[in-house]
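Worksheet: the structure to be examined is printed underneath.
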Amino acid sequence: MPEAASQAARAEWMSVLAKADAGALAAAFDALGLAPEFDWLRRPEIGAVMVQGRAGGTGAPFNLGEMTVTRCALKLADGRVGHAYVPGRDREKARIAALCDALMQGAEADAVATAVLEPMRRAADDRRARLARKAAATRVDFFTMVRGEDK
Amino acid sequence: MYVAVKGGERAIGNAHAWLAESRRGDPALPELSTAQIRAKLALATARVMAEGSLYDPDLAALAIKQARGDLIEAIFLIRAYRTTLPRFGHSRPVETARMACIRRISAIFKDVPGGQILGPTFDYTHRLLEFRLLAEGDTPPAPEAQPLAPECPHVTGFLGREGLIQTEPAGEARPPDLTRAPLELPAERALRLQALARGDEGFLLGLAYSTQRGYGRNHPFVGELRVGMVAVVLDIPELGFAVEIAEIELTECETVNQFTGSKTEPAQFTRGYGLAFGHAERKAIAMALVDRALRWRELGEEDTGAPAQHEEFVLSHCDNIQASGFVEHIKLPHYVDFQSELELVRRLRRDAAAGSEAAAE
């Protein structure tokens, strides 16, 4: 895979892992039955990321406020390195996300993609679609009253 | 001379024990879980995140529980916590044009592309108490319909295409950060927006109202108000690429304001901007009105002396943690300060009495 494409693919799966529900992610990963040995490169650490907005939505950036983020990095016995940046303060979720990131870079990629990433992607799509359908139901349909003086 | 006085440890300990008991409330009632606060008091949670300036619904819910529902106390707890966090970096500016909207309304165009989406709103409710909420009961799920447009373009974009509204000056400079450097005046707009975004909703609401009543009049329309989920994209230095690490809920308000033009610019509309964590539309609208009022200088408008136009006044007083810290500290012991005031008043009275006796002699 060319580097840009593989980077885009990795960014996408890291995003799916970051946005996954922690409980569902842990259950899916446990069900996979993979518990590889690893060394911490960076133990799970809780910190903040400053979220920026733009003046007027399109103009110059400004600092809106921070959000909590947990990050970690680990190395499998075969040298593959996994990174995780996940929202909130969940060290276990960060560990699982980093493990999945590492496993996705080798022989276990298909298994992790099928058992973990696919269901997480589907759940995110379902969440998004459900909100969109509820929003659509509150969309205003304007209609014009027939007024007497037009007759 | 400064005299230190000790004492009160037992009283303070017992007071805090009573506080904990009161917080728990009637033990016959089930404990209030933070998951319930997060899910059911979502708007309180949003306010604590916005003014605490830290997006974390779980922590905001915890703070609300700990503060017994006192939202400013909860905001204080969040502000104190956030100072303990290492900063991992800055997100890229969020793209609110790509928001997955649960609510999106425009007060200026009826037939706006993407439609008027009301979302879960209090608008058009009758503001009558719903006594059925006193009893527990299941609420039926809200109706669903087929979504039409996945993306809602910004309404101001339509005015911008015709040049009818002032364009926002672009820029990619790293904005100043109030959490890293003290407020300096005059403040550029980026700093003002940060201060307003974490400012007290009530204070901004009052100021926004004052502009409508004539103190710095600027004729606002809500061009657009939108609420929904927005992606947070972070550059990961150790990887050399960016990852969409989260989706957060934001409320954005863009006001469209009258502007008659100047010597160099034709008549066009101008803008005020509000953006806040969570579903916080009163906050976002008030922020947009105050933002617009503070832009009088760059737009060549008259300084009418209105409070909402006064940058130092607004920015120095909009933070409810600074404000409550200073206002409420006067309830803490000032025994020594007061003793000196008391001495002074007694002496003045003594001197005055002696003076009048001397005059009478």
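Atom set for the values below is all heavy atoms of this structure, side chains included, hydrogens, waters and symmetry mates excluded. Below, chains carry the letters A, B, ... as their sequence lines are ordered, and counting in each starts from 1.
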Val232(B)/Met67(A) under side chain to side chain contact (heavy atoms under 4.5 Å, CB included): CA gap, chis, key distance, verdict: CA-CA 10 Å; Val232(B) 177; Met67(A) 64 179 291; 3.9 Å; yes

At a heavy-atom separation under 4.5 Å, does [X] approach chain B through its side chain, its backbone, both, or neither?
X	answer
Arg127(A)	neither
Arg71(A)	both
Glu45(A)	both

How far apart are the closest heavy atoms of [X] and [Y], and which atoms are they?
X	Y	value
Ala145(B)	Ala136(A)	O-CB, 3.6 Å
Ala242(B)	Ala11(A)	O-CB, 3.5 Å
Pro87(A)	Ile245(B)	CD-O, 3.1 Å
Phe88(B)	Val69(A)	CE1-O, 3.4 Å
Gly65(A)	Ser53(B)	CA-OG, 3.6 Å
Leu239(B)	Arg10(A)	CD2-NH1, 3.6 Å

May I ask you to name which of [options] has the most heavy-atom pairs under 4.5 Å with chain B?
options	answer
Ala18(A), Gly59(A), Gly53(A), Pro61(A)	Pro61(A)
Thr58(A), Val86(A), Ile46(A), Leu131(A)	Ile46(A)
Ala135(A), Ser15(A), Gly56(A)	Gly56(A)
Met14(A), Glu12(A), Arg89(A), Arg128(A)	Arg89(A)

If you count heavy-atom pairs under 4.5 Å with chain A, which of [options] comes out on top?
options	value
Arg189(B), Glu252(B), Met229(B), Glu172(B)	Glu172(B)
Pro169(B), Ala231(B), Cys253(B)	Pro169(B)
Thr121(B), Asp111(B), Thr255(B), Leu59(B)	Leu59(B)
Val243(B), Leu178(B), Leu191(B), Leu196(B)	Val243(B)
Gln146(B), Arg82(B), Glu254(B), Arg174(B)	Arg82(B)
Asp177(B), Thr167(B), Thr96(B)	Asp177(B)

Tyr55(B) side chain near Val51(A) side chain, heavy-atom distance below 4.5 Å: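 Side chain of Tyr55(B) against side chain of Val51(A), heavy atoms only: no contact under 4.5 Å found.
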
Any side-chain heavy-atom pair of Glu168(B) and Arg54(A) under 4.5 Å: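 Answer no - side chains too far apart.
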
Give, for atom [atom1] of [X] and atom [atom2] of [Y], the distance between the pair rounded to the nearest 0.5 Å.
X	Y	atom1	atom2	result
Asp58(B)	Thr68(A)	CG	OG1	8.0 Å
Ile105(B)	Arg139(A)	CD1	CZ	14.5 Å
Thr83(B)	Glu66(A)	OG1	CD	9.5 Å

Verdict with reasoning, His90(B) to Asn63(A), per side chain to side chain contact (heavy atoms under 4.5 Å, CB included): CA-CA 9 Å; His90(B) 286 68; Asn63(A) 291 310; 3.6 Å; yes

Whether Gln52(A) side chain and Ser91(B) backbone form a donor-acceptor pair below 3.5 Å: yes

